[in-house]
2 protein chains.
Amino acid sequence: MKAKPLNADSSTEEKIKAAARKLFTQQGFAAVRTRDIASEAGINLALLNYYFRSKEKLFEIIMLENLGHFFQGVAIIVNDEKTSFYKKIELLVDFYVTRLLNNPDVPLFVLNEARNNPQKLPMQFNLMDSFFMKQFFTEVKAGKVKAMNPGHLLINIMGLSIFPFAAKPMIQRVRGISDKEYESLMIERKKLVPEWIKSMLEVKK
Amino acid sequence: MKAKPLNADSSTEEKIKAAARKLFTQQGFAAVRTRDIASEAGINLALLNYYFRSKEKLFEIIMLENLGHFFQGVAIIVNDEKTSFYKKIELLVDFYVTRLLNNPDVPLFVLNEARNNPQKLPMQFNLMDSFFMKQFFTEVKAGKVKAMNPGHLLINIMGLSIFPFAAKPMIQRVRGISDKEYESLMIERKKLVPEWIKSMLEVKK
DNA sequence: CCTGAAGTTAAACAAATGATTAAAACAAAA
DNA sequence: TTTTGTTTTAATCATTTGTTTAACTTCAGG
């Protein structure tokens, strides 16, 4: 018997996964060669197949991890019965912006993957059945927020939170700003996006 | 001497471009094989190189076309001195939604390309120097719209207009709606997005 | 020290892929 | 019809790429 890795992060398996995560997330499945992964990980090419059988199997693991980044946590937020409707919006935006500041390539990866293999998207947690949606309808009925197709609400929250990350290079190019300035713009949005969503939902008299 | 193509659309060159446009836009450079393009176009493989020298040269042509779809027209709208600030927002949103309903794959293509080759993005027309931006600052100074970093305004207009197309498969999956329902949701947004932007900009007393 | 399983390596393989070639088909002009 | 330049084709080439093989190393347990 043998204690597998003394240090989990320096194990060969983990080195390959880290390299694959970086390259697949940045460039997508088709653009990455197995040799790129091996050299990025600093390991022999054959070890990739030894540990993960194939490029596709390895990609699938990375994909599930990235989808997790994207969807995990959201389910918890939207189904918490103790937080208010607007509080949930704040938490959702904060969650996305915070997460994506550390994983800026994940949005494009997930959007691409969603288009290439829509059937692989996790269907389990249905946003439409969430407590968040129930709260939305309650607020609408009470005349406290404007009525709208709930799809629009979701698209708006996600669009305002996620799009700036998917479009980061384009935004930086058009506006000519540095990474630092871009980051502080995103941090500002944690506070601003919920306020904007609130304005959208305000009932005009 | 010979009159090149009797019918421009049925010329070999145009058939190749049409096939390449479809495949590159849907799947990106790395995922498309030259043989896929040839078979989609119904032509001999060698003709691709005969007309376009290489896969890369052909891709560059498609990329410039798609970037054109994305940026052309915008310059005209934002620099028109005759339309009001809010009218421009209406025109921008309508322009994007209308265009993208017919080219739903273009946003992801452009976002990917912007990340892979940011230096190739057209820099020529600087949105920040546009008449639209001048109007924005005028409105702010007059106390008619809320002050904010203009980057946020651009991100919000584009995010609310473009994101739902980039995320189409994900939205359809999460909401479980058909292409038809999705389309009418997008058409609704032509009217709603400008209203929402207006709410965001409203000065609270 | 010996054994055997797990880990690692260089080399090789077969298929895929972008590109080229040389010959054939075609069409217009002479 | 013959000629000439253009377009199209099947076949081939040289690399690249995902995967496998077989030999070598490492090291814990007997």
Side-chain angles (χ1 to χ4, degrees), chain A residues 1-64 109 112-113 116-117 120, chain B residues 1-64 109 112-113 116-117 120:
Chain A
M1 198 67 49
K2 181 186 166 188
K4 276 288 208 54
L6 292 171
N7 179 349
D9 287 351
S10 66
S11 78
T12 301
E13 193 171 339
E14 206 46 52
K15 277 194 288 183
I16 297 173
K17 265 179 65 175
R21 177 162 41 241
K22 175 177 170 186
L23 296 181
F24 279 144
T25 306
Q26 280 178 356
Q27 312 176 31
F29 180 80
V32 175
R33 324 284 105 151
T34 53
R35 280 164 178 80
D36 300 338
I37 298 174
S39 112
E40 171 80 28
I43 54 101
N44 185 286
L45 175 58
L47 288 176
L48 193 151
N49 295 314
Y50 178 76
Y51 281 101
F52 297 98
R53 299 235 353 216
S54 73
K55 181 191 178 189
E56 248 168 356
K57 289 256 193 302
L58 177 53
F59 178 77
E60 208 136 312
I61 290 170
I62 303 306
M63 188 194 64
L64 291 176
F109 176 93
N112 280 317
E113 194 48 33
N116 297 342
N117 295 91
K120 287 201 181 159
Chain B
M1 198 69 45
K2 182 187 166 186
K4 275 286 207 57
L6 292 171
N7 179 351
D9 287 350
S10 67
S11 76
T12 302
E13 194 172 338
E14 206 47 51
K15 277 195 288 184
I16 298 174
K17 264 179 65 174
R21 178 162 38 241
K22 176 178 170 186
L23 297 181
F24 279 144
T25 307
Q26 280 177 358
Q27 311 176 31
F29 179 80
V32 174
R33 322 283 104 142
T34 53
R35 281 164 176 80
D36 301 337
I37 298 173
S39 112
E40 170 80 25
I43 53 99
N44 186 285
L45 175 59
L47 288 176
L48 193 151
N49 294 310
Y50 177 76
Y51 281 101
F52 298 97
R53 301 241 346 228
S54 73
K55 181 191 177 188
E56 249 167 357
K57 289 254 193 302
L58 177 54
F59 179 77
E60 208 135 314
I61 289 170
I62 303 305
M63 187 193 65
L64 290 176
F109 176 93
N112 280 317
E113 195 48 33
N116 297 341
N117 295 91
K120 288 200 180 158

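No experiment lies behind these values; they were computed from the predicted model shown. The chains referred to below are lettered A, B, ... by the order of the sequence lines, with proteins before strands, and numbering in each begins at 1.
- Under a 4.0 Å N-O distance rule, the pair B/Glu40/B/Lys22 qualifies as a salt bridge.
- Remark: P of D/dT8 and CG of B/Leu48 are 13 Å apart, rounded to the nearest angstrom.
- For D/dT8, one of the phosphate oxygens OP1 or OP2 lies less than 4.0 angstrom from a side-chain nitrogen or oxygen of B/Thr12.
- Atom CG of A/Leu47 is separated from atom P of D/dT25 by 16 Å (rounded to the nearest Å).
- Under 4.0 angstrom from either OP1 or OP2 of C/dT17 there lies no side-chain N or O belonging to B/Thr34.
- The separation between A/Asp36 atom CG and D/dG18 atom C1' is 12 Å, rounded to whole Å.
- Residue whose closest nucleotide on DNA chain C sits further toward the 5' end, between B/Asn49 and A/Gly42: A/Gly42.
- One can place CZ of A/Arg35 at 9 Å from C1' of D/dT19, the figure rounded to the nearest angstrom.
- Taking atom OH of residue B/Tyr51 and atom P of nucleotide C/dA19, one finds them 18 Å apart after rounding to whole Å.
- The shortest side-chain heavy-atom distance between A/Lys17 and A/Tyr51 does not fall under the 4.5 Å cut-off.
- Counting to the nearest Å, the P atom of C/dG7 and the CD1 atom of A/Ile16 are 11 Å from each other.
- Across all strands shown, B/Phe52 has no heavy atoms under 4.0 Å from either base or sugar-phosphate atoms.
- By the 4.5 Å heavy-atom criterion applied to side chains, B/Leu58 and B/Phe24 are counted as neighbours.
- One cannot find a donor-acceptor pair under 3.5 Å joining the base of C/dG18 and the side-chain atoms of B/Arg33.
- Atom NZ of B/Lys55 and atom P of C/dT20 are 15 Å apart (whole Å).
- B/Ile37 has its side chain out of reach of B/Ile43: every pair of non-hydrogen atoms, C-beta onward, lies at least 4.5 Å apart.
- Nearest nucleotide to the side chain of B/Tyr50, out of C/dA19, C/dT8, D/dT7: D/dT7.
- Rounded to whole Å, the distance from CG on A/Asn44 to C1' on C/dA10 is 7 Å.
- Taking 4.0 Å as the cut-off between side-chain N and carboxylate O, B/Arg53 and B/Glu60 do not count as a salt-bridged pair.
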